[in-house]
J.: 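I am attaching a structure below and will ask some questions about it afterwards.
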Amino acid sequence: QVQVVESGGDLVQAGGSLRLSCEASGSIFSINSIAWYRHASGKQNEWVATISSGGTTDYLDSAKGRFSLSGDNALNTVYLQMNNLNPEDTAVYYCRADIVATWGGSLEVWGQGTLVTVSP
């Protein structure tokens, strides 16, 4: 079984920073990519950022210059550093791992979410 767990969400004031973590474990042969999404109340699920196995990263336009991804070599642990947060960043943040399992199958595994609340 494969598990993905996010952590690091909190309540912060506008202009503050948070670092979210995404940890993948279980029957993993390799991780192709880790993506972050967020779901704000009353809005659709929104892609935020992705880091791929080769180390390339991509970000939502509104996150560029504020958010930064990093991870270990195998992407088992990925960090999303979020700076200069504003109330529009308030959402439940989800980590999605695209995984090749030890038995050879491809899996898309989502974490449980971690709540980020930014007060004005």
J.: Taking all non-hydrogen atoms of both residues into account, name the closest pair between H39 and N45 and its distance.
T.: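 Shortest heavy-atom separation between H39 and N45 comes out as CB-OD1, 3.8 Å.
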J.: Can you tell me how far apart CZ (R19) and OG (S68) are? Round to the nearest 0.5 Å.
T.: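 Going from CZ on R19 over to OG on S68, the span is 11.5 Å.
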J.: Side-chain heavy atoms nearer than 4.5 Å, only ILVMFWY residues, links allowed to pass through others: does that put L75 and V48 together?
T.: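 Looking at the clustering, V48 is in the same group as L75.
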J.: Could you tell me if the side chain of R66 sits less than 4.5 Å from the side chain of N86, heavy atoms only?
T.: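 Counting from C-beta outward, N86 and R66 do come under 4.5 Å.
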J.: Partners of V92 by side-chain contact (heavy atoms from CB on, under 4.5 Å), sequence neighbours excluded?
T.: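 For V92, the residues satisfying side-chain contact (heavy atoms from CB on, under 4.5 Å) (neighbours in sequence not counted) are Y94, L115.
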J.: Are side-chain heavy atoms of L20 and F67 found at a separation under 4.5 Å?
T.: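 Side-chain contact under 4.5 Å: no.
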J.: How long is the gap from CD on E23 to OG1 on T77, to the nearest 0.5 Å?
T.: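 Between E23 CD and T77 OG1, I get 4.5 Å after rounding to 0.5 Å.
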J.: Give the cluster check for V4 versus F29: same hydrophobic cluster or not, with ILVMFWY residues linked at side-chain heavy-atom distances below 4.5 Å.
T.: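 Shared cluster, no.
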J.: Is there a path of hydrophobic side-chain contacts, each under 4.5 Å between heavy atoms, that joins V2 and I31?
T.: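 Per the 4.5 Å side-chain linkage, V2 and I31 are co-clustered.
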J.: Any side-chain to backbone donor/acceptor pair from T90 onto V118? Under 3.5 Å, distance only.
T.: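 Checked: pair present.
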J.: For D72, is the CG atom crowded, meaning more than 12 foreign heavy atoms sit under 6.0 Å from it?
T.: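 Counting other residues, nucleotides and ligands, CG of D72 exceeds 12 neighbours.
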J.: Consider only side-chain heavy atoms of I, L, V, M, F, W and Y, link residues closer than 4.5 Å, and tell whether Y79 and W36 are in one cluster.
T.: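 In one cluster with Y79: W36, no.
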J.: Examine distances only and state if a side-chain atom of E6 and a backbone atom of T114 form a donor-acceptor pair shorter than 3.5 Å.
T.: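 Side chain of E6 to backbone of T114: no pair is present.
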J.: Would you kindly say whether S17 and N83 are connected by a side-chain donor-acceptor distance under 3.5 Å?
T.: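 Judged by distance alone, the side chains do pair up.
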J.: Between CD1 of I99 and CD1 of I28, what distance do you get to the nearest 0.5 Å?
T.: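 So the gap between those two atoms works out to 4.0 Å.
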J.: Would you give the length of the straight line joining atom OG1 of T57 to atom NZ of K64, rounded to the nearest 0.5 angstrom?
T.: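 Rounded to the nearest 0.5 Å, the OG1-NZ separation comes out at 10.0 Å.
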J.: Quick one: are D89 and M82 in side-chain contact, heavy atoms under 4.5 Å?
T.: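 Contact flag for D89/M82 side chains = no.
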J.: S33: what forms a side chain to side chain donor-acceptor pair (under 3.5 Å) with it, not counting sequence neighbours?
T.: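 Listed in chain order: D98.
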J.: Mind checking whether L69 and Y59 have side chains closer than 4.5 Å, heavy atoms only?
T.: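 Of all side-chain heavy-atom pairs linking Y59 with L69, at least one is under 4.5 Å.
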J.: Between A14 and P87, what is the shortest heavy-atom contact and its length?
T.: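 Looking at all heavy atoms of both residues, the closest pair is CB-CD, 4.2 Å.
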J.: Which distance, rounded to the nearest 0.5 Å, do you find between the CG of L60 and the CZ of R38?
T.: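 Result: 5.5 Å between the selected atoms.
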J.: Would a hydrophobic clustering, with Ile, Leu, Val, Met, Phe, Trp and Tyr connected at side-chain separations under 4.5 Å, put I51 with V100?
T.: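 No, I51 does not connect to V100 through the hydrophobic network.
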